Amino acid sequence: MCNARYLLLLCLLAGITGLSDAARAAHNESCLGCHGEKAIVNRGGSRLYLDPARFAGTSHAVIGCNSCHAKVAASHPADGIRPSRASCRDCHAPVQQEYGNSLHADKADCVDCHNPHAARNHATVSGRDINEQCAKCHEHGQIVGSHAKWLPQTSLHLDALPCITCHTGSQNYYITMYITIKGNDSPTGDFRLATHEELARIAPGRQFVALLDSNGDGKISLQELRKFNKGAADMRLWGMMMPEVMTHSFQILDNRWDCTFCHSSGPKAMQTSYLAIPEKDGRYNRLTVEKGAILDLLYGTPDFYMMGATRSHTLSVIGLMIIGGGLLMPIGHGTLRFLTRKNRKEH
Amino acid sequence: MSQQEQIYLTPMPVRIWHWLNAFGIVTLCITGAQIRFPEFVNLFGTYKAAIRLHNTAGVVVSISFGLWLFYYLFIARTLAKIYIPSLDDLKEGLFRQGVYYFFAYFFGYPNPHEATPDNKFNPLQKAAYLMIMLVLLPLVIASGILLMNVDPLRGWIILLGGLKLLVGSHFLIACMFCAFLFTHIYLATLGHTPFAHFKPMWTGWEKVEHSGEQK
């Protein structure tokens with residue numbers, strides 16, 4: 001719903017500016033001719049530089065530089081006039097209103113968290129990218145310390161959750177899996193999030209996508225997931241619990257103190273998952289994973305287990321059968337014992 | 001004509017270990033049920049309380065297992081004698097004891113095994129306890145330690161096949177303990193009175209009946 005609204009807004013803006021895609025691209029190129037070169041930092045500071053690759057992946061690139069910087073004279077930069085700059089509110093008024101009512105509003109402005117020249121849709125960033133924004137102000141050690149007062153296995157939780165999953169208003173979540181790669185040669189070596197370049201080295205070009213999506217249909221079936229998990233020795237999938245809806249109502253939600261909010265959400269809540277493939281421009285391309293794959297007994301997601309919520313039904317049945325087997329002795333033997341009690345009295 | 005004799009069968013360190021272990025395992029089974037099935041089981045208030053109690057009971061059982069091993073290996077030095085089935089136990093004892101439990105018992109025949117401090121367990125008990133104490137308990141403790149420290153020990157967990165394999169193994173072994181608990185408690189009631197085997201585990205002393213023929 002939210003995404004559809006922004007898409008409409010983007011189309012409107014694109015229409016208002018009256019530029020064709022080609023004209024907009026040419027205009028962006030013209031700006032990036034100077035602002036996409038690192039040398040500009042020497043002429044006016046780092047604020048003047050923007051990474052062209054990262055900018056290309058933003059929705060702001062789609063609407064074009066002049067949508068926000070409308071008054072750039074033909075004599076720029078020789079005229080020495082600083083170009084005009086749009087306010088975030090001009091396009092994102094509902095978001096800003098929501099943010100304005102949150103606990104966070106007095107602490108940071110939009111641009112403190114979102115660089116407009118690198119801002120991406122939440123579906124195209126990793127949970128760790130999101131947490132890096134928070135870590136600009138919230139020091140990691142301090143966050144671990146404050147959560148450790150009440151949250152068991154704090155580091156594990158913080159590693160598998162973007163802060164906003166608990167601290168914004170999304171009522172539901174889904175699991176996104178990211179490819180991690182072994183960081184060293186030790187048999188118990190650390191795995192870290194793989195970059196596009198690292199994956200491209202393992203399988204040149206975009207061939208690494210075929211390691212996961214072997215039939216190339218743009219979806220990941222449970223069978224493909226199993227094949228990857230069984231075969232890729234130095235790669236693993238790391239699951240993160242992402243918020244279903246992106247809100248800016250930063251808050252401390254009461255129900256997040258209660259572990260059962262997530263842990264007793266049950267297997268029914270664990271049906272939706274995605275696999276995120278890193279792209280060259282730093283974005284993630286999200287592929288849909290077969291429903292319920294997260295609950296697969298062993299090979300679907302071998303490293304993702306959320307106590308209670310992702311339990312395997314099959315394993316639970318086997319376990320209950322084992323316990324039932326233990327009851328056979330008291331029930332079966334006990335019954336025969338009762339029926340034959342006279343025999344023992346005689347002896 | 002039968003004669004009764006009192007023998008000191010279970011020394012105090014073993015009794016302390018046994019009851020620590022027993023209460024620990026019962027606690028682990030119940031809290032474990034809440035941890036795995038939080039929608040259906042809620043006996044300890046909050047989920048976190050169940051996890052904390054589960055972890056605490058796990059540590060108690062682990063320490064108690066360490067003390068048990070230390071006692072039998074270095075103080076009593078009878079671990080092999082008491083817990084490992086002899087060749088005779090494997091060849092005939094297991095079958096003989098099985099026939100007793102599943103056939104002869106119902107006709108009132110006496111138990112072919114008489115407990116002594118050096119030969120406390122019948123061949124079936126030896127086989128079962130060996131499996132429980134030296135295979136399943138170390139496995140459930142090791143998997144529990146890994147599960148209590150997923151982040152710092154992640155490399156080891158991956159090396160062992162992943163978190164799901166570990167959780168699955170921990171759960172299935174726990175179910176085996178639960179099944180064992182039912183069987184163990186029931187079999188303990190098969191003495192000459194239903195509580196005859198419970199008392200020595202509390203006092204240390206067991207009444208042993210010797211029949212005239214057997215003597």
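Chain letters run A, B, ... following the sequence lines, proteins first, then strands; residues in each count from 1. Keep in mind it's a predicted model, so treat the numbers as computed, not measured.
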Would you mind checking which part of [X] comes under 4.5 Å of any heavy atom in chain A, side chain (CB onward), backbone (N, CA, C, O), both or neither?
{"X": "B/Ile185", "value": "neither"}
{"X": "B/Phe180", "value": "neither"}
{"X": "B/Phe177", "value": "neither"}
{"X": "B/Thr46", "value": "neither"}
{"X": "B/Val167", "value": "side chain"}
{"X": "B/Asn149", "value": "backbone"}

Toward chain B, the part of [X] with a non-hydrogen atom under 4.5 Å:
{"X": "A/Trp257", "result": "neither"}
{"X": "A/Asp303", "result": "both"}
{"X": "A/Leu328", "result": "neither"}
{"X": "A/Ser316", "result": "both"}

Counting neighbours of [atom1] on [X] that are heavy atoms of other residues, nucleotides or ligands and sit closer than 6.0 Å, is the number greater than 12?
{"X": "B/Trp202", "atom1": "CH2", "answer": "no"}
{"X": "A/Gln223", "atom1": "CD", "answer": "no"}
{"X": "A/Tyr299", "atom1": "OH", "answer": "no"}
{"X": "A/Gln142", "atom1": "CD", "answer": "no"}
{"X": "B/Phe198", "atom1": "CZ", "answer": "yes"}
{"X": "B/Lys48", "atom1": "NZ", "answer": "yes"}
{"X": "A/Leu339", "atom1": "CG", "answer": "yes"}

Name the option with the most non-hydrogen atom pairs under 4.5 Å to chain A; the candidates are B/Leu159, B/Leu190, B/Ile158.
-> B/Ile158
Options B/Met176, B/Arg154, B/His184, ranked by heavy-atom pairs under 4.5 Å with chain A, top entry = B/Arg154
Give, for atom [atom1] of [X] and atom [atom2] of [Y], the distance between the pair rounded to the nearest 0.5 Å.
{"X": "B/Ile35", "Y": "A/Ser264", "atom1": "CD1", "atom2": "OG", "value": "13.0 Å"}
{"X": "B/Cys175", "Y": "A/Leu315", "atom1": "SG", "atom2": "CG", "value": "8.0 Å"}
{"X": "B/Cys178", "Y": "A/Leu327", "atom1": "SG", "atom2": "CG", "value": "7.5 Å"}
{"X": "B/Glu39", "Y": "A/Thr260", "atom1": "CD", "atom2": "OG1", "value": "10.0 Å"}

Minimal non-hydrogen separation, [X] against [Y], with atom names:
{"X": "A/Gly308", "Y": "B/Pro38", "answer": "CA-CD, 3.9 Å"}
{"X": "A/Arg236", "Y": "B/Gly162", "answer": "NH2-CA, 3.8 Å"}
{"X": "B/Lys164", "Y": "A/Asp296", "answer": "NZ-O, 3.1 Å"}
{"X": "B/Arg36", "Y": "A/Arg311", "answer": "O-NH1, 2.9 Å"}
{"X": "A/Met329", "Y": "B/Thr183", "answer": "CG-CG2, 3.7 Å"}
{"X": "B/Asp151", "Y": "A/Leu156", "answer": "CB-N, 4.0 Å"}

Step by step, would you call A/His333 with B/Tyr186 a side chain to side chain donor-acceptor pair (under 3.5 Å)?
-> CA-CA 9 Å; A/His333 197 278; B/Tyr186 173 73; 2.8 Å; yes
Look at A/Leu320, A/Asp258, A/Thr301 and state which one has the largest set of heavy-atom pairs under 4.5 Å with chain B.
-> A/Thr301
Check for a donor-acceptor pair, side chain of A/Gln153 on one end and backbone N or O of B/Leu147 on the other, with a separation under 3.5 Å.
-> yes
Donor-acceptor pair, side chain of A/Asn343 and main chain of B/Phe106, under 3.5 angstrom | yes
Quick one: are [X] and [Y] in side-chain contact, heavy atoms under 4.5 Å?
{"X": "A/Met307", "Y": "B/Ile51", "answer": "yes"}
{"X": "A/Arg344", "Y": "B/Phe107", "answer": "no"}
{"X": "A/Arg337", "Y": "B/Thr189", "answer": "yes"}
{"X": "B/Phe102", "Y": "A/Leu336", "answer": "no"}

Pair A/His157-B/Val150, side-chain contact (heavy atoms from CB on, under 4.5 Å): steps then yes or no = CA-CA 10 Å; A/His157 279 97; B/Val150 173; over 6 Å; no
